[in-house]
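Only one structure is covered here, and it is reproduced in the block below.
Heavy atoms only: backbone and side chains are in, while hydrogens, waters and symmetry mates are out. Start at 1 and go down the list; that is how both ligands and their atoms are numbered.
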Amino acid sequence: MSAGGDTIFGKIIRREIPATIVYESETVLAFRDINPVAPVHIVVIPKKPVVSVAHAEVEDKAILGELLLACGEIARQEGLDSNGYRIVSNIGRDGGQTVFHLHLHLLGGRHINWPPG
Ligand code: AMP
């Protein structure tokens, strides 16, 4: 199963609710997180409503690669390259996922602690 139900991210893709979009391609959209936990906090999503990495299928291989490449490009755009940054995907209950449309969090602009809480 890779198709997800509609979520708030679907509404952003369809421009039904506003978002500060920082990157868009045919398959990927990225926008600033509404509740940032770092000076730079960008949500990078596939336009296809895959629920999470756990729901991705072999046919989603290209999309998964495009998400990571988009993160690299956005990080360069945001000037994060020299100091570094973190890419995180929360999956399911224990992962702390709250929006059930696959997304990568791109976090930077401060030192990001490890391990996560
Ligand atoms: P997660 O908890 O990993 O599922 O991440 C969902 C993220 O989406 C959270 O960091 C939220 O702050 C963010 N978020 C929820 N609604 C919006 C929105 N309308 N615009 C931008 N970011 C959002």
Is there at least one pair of N or O atoms, one from His41 and one from ligand 1, spaced under 3.5 Å apart? no

His105 heavy atoms within 4.0 Å reach ligand 1 at atoms 1 (P), 3 (O), 5 (O), 7 (C), 10 (O)

The atoms of ligand 1 lying under 4.0 Å from a heavy atom of Val99, numbered in the order shown, are 4 (O), 6 (C)

*Report the C-alpha separation of Glu66 and Lys61 in whole Å, then their side-chain angles, then the decisive distance to 0.1 Å, and conclude whether the salt bridge (Lys or Arg N to Asp or Glu O under 4.0 Å) test is met.*
CA-CA 9 Å; Glu66 284 160 23; Lys61 198 195 302 191; over 6 Å; no

Under 4.0 Å from one or more heavy atoms of Gly96, ligand 1 contributes atoms 2 (O)

Atom 22 (N) of ligand 1 sits nearest the protein heavy atom Ile34 N, 3.1 Å

- Message: If I apply the N/O under 3.5 Å rule, does Phe31 come out as touching ligand 1?
- Response: no

NZ (Lys48) and OG1 (Thr27) are apart, to the nearest 0.5 Å, by 11.5 Å

Sidechain-backbone polar pair: Lys47 side chain, Ser25 backbone, donor-acceptor under 3.5 Å: yes

The protein heavy atom nearest to atom 4 (O) of ligand 1 is Thr98 N, 2.7 Å

Quick note on ligand 1: atoms under 4.0 Å from a heavy atom of Arg32 include exactly 21 (C)

| task | Determine whether any heavy atom of Ala19 lies closer than 4.0 Å to an atom of ligand 1. | result | no

request  = Kindly state whether the ring of His103 and the ring of His101 have centres lying under 6.0 angstrom apart.
outcome  = no

Atoms of ligand 1 under 4.0 Å from any heavy atom of Gln97, numbered from 1 in the order shown, are 4 (O)

Looking only at protein heavy atoms, what sits closest to atom 1 (P) of ligand 1 is His103 NE2, 3.1 Å

Rounded to the nearest 0.5 Å, the OH atom of Tyr85 sits from the CZ atom of Arg76 at a distance of 7.0 Å

Which of Leu80, Ile42, Leu104 passes side-chain contact (heavy atoms from CB on, under 4.5 Å) with Cys71? Answer is Leu104

Pairing of Arg15 and Glu24 as salt bridge, 4.0 angstrom limit
yes

Between ligand 1 and Phe9, can you find any atom pair, the residue atom being a heavy atom, that is separated by under 4.0 Å?
yes

- Item | Pairing of Glu78 and Arg32 as salt bridge, 4.0 angstrom limit | yes

Asn35 heavy atoms within 4.0 Å reach ligand 1 at atoms 12 (O)

Near Asn90 (heavy-atom distance under 4.0 Å), the atoms of ligand 1 are 1 (P), 3 (O)

dist His41:NE2 -> Asp33:CG (nearest 0.5 Å) comes out at 3.5 Å

for atom 10 (O) of ligand 1, nearest protein heavy atom and its distance come out as Asp33 OD2, 2.5 Å

Could you tell me whether Phe100 and Phe9 have their ring centroids closer than 6.0 angstrom? no

Note: Ile12, heavy atoms under 4.0 Å from ligand 1, region reported as side chain

